[in-house]
Amino acid sequence: HATFRFSFAGGGITTGDLEEQRGSIPARLRHIATRTGVEIIDPFPFLCPAGFCPALEENGEPRYRDIDHLRASFVRDHVEVLDRTLSKDE
């Protein structure tokens with residue numbers, strides 16, 4: 001279980017700092033996915049545009065309910081990658 005350190009005071013975290021904290025986790029997940037034939041849903045390109053992962057929305061609402069989990073309202077309103085992934089025809 002990895003815990004990423006977001007700074008609400010600083011408004012978020014840079015993707016460089018996030019990658020440093022993630023360490024070898026992405027490579028290990030890609031290896032497992034290749035072996036098992038599953039698709040990885042990587043939320044970070046969506047959550048961290050332009051090299052920064054904001055902790056707050058433009059209106060000041062937090063994206064996260066705690067250090068590890070997005071708020072349900074943020075996911076419902078913004079995370080369309082899950083809709084596309086879950087509705088794929090097989």
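Remark: R71 engages E61 in a salt bridge (Lys or Arg N to Asp or Glu O under 4.0 Å) (not counting sequence neighbours). Applying the side chain to side chain donor-acceptor pair (under 3.5 Å) rule to R76 yields no partners; only residues at least two apart in sequence or on another chain are considered. With sequence neighbours excluded, the residues forming a ring pair (Phe, Tyr, Trp, His ring centres under 6.0 Å) with H78 are F74, listed by chain and number. Listed by chain and number, the residues in a side chain to side chain donor-acceptor pair (under 3.5 Å) with T34 amount to none (sequence neighbours excluded). Under the side-chain contact (heavy atoms from CB on, under 4.5 Å) criterion, T36 pairs with I32, V38, not counting sequence neighbours.
Screening residues 44-53 for salt bridge (Lys or Arg N to Asp or Glu O under 4.0 Å) gives no qualifying pairs among residues at least two apart or on separate chains. Counting only residues at least two apart or on different chains, the salt bridge (Lys or Arg N to Asp or Glu O under 4.0 Å) pairs with a member in residues 12-21 are E19-R22. Within the structure, no pair that satisfies the salt bridge (Lys or Arg N to Asp or Glu O under 4.0 Å) test touches residues 44-54, not counting sequence neighbours. Legend: side-chain hydrogen bond (donor to acceptor under 3.5 Å, both in side chains) pairs involving residues 46-58, not counting sequence neighbours, sorted by first then second residue: E57-R63.
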Identify all side-chain donor-acceptor contacts of residues 42-53 below 3.5 Å with residues at least two apart in sequence or on another chain.
| unit_1 | atom_1 | unit_2 | atom_2 | d |
| --- | --- | --- | --- | --- |
| D42 | OD1 | F44 | N | 3.1 |

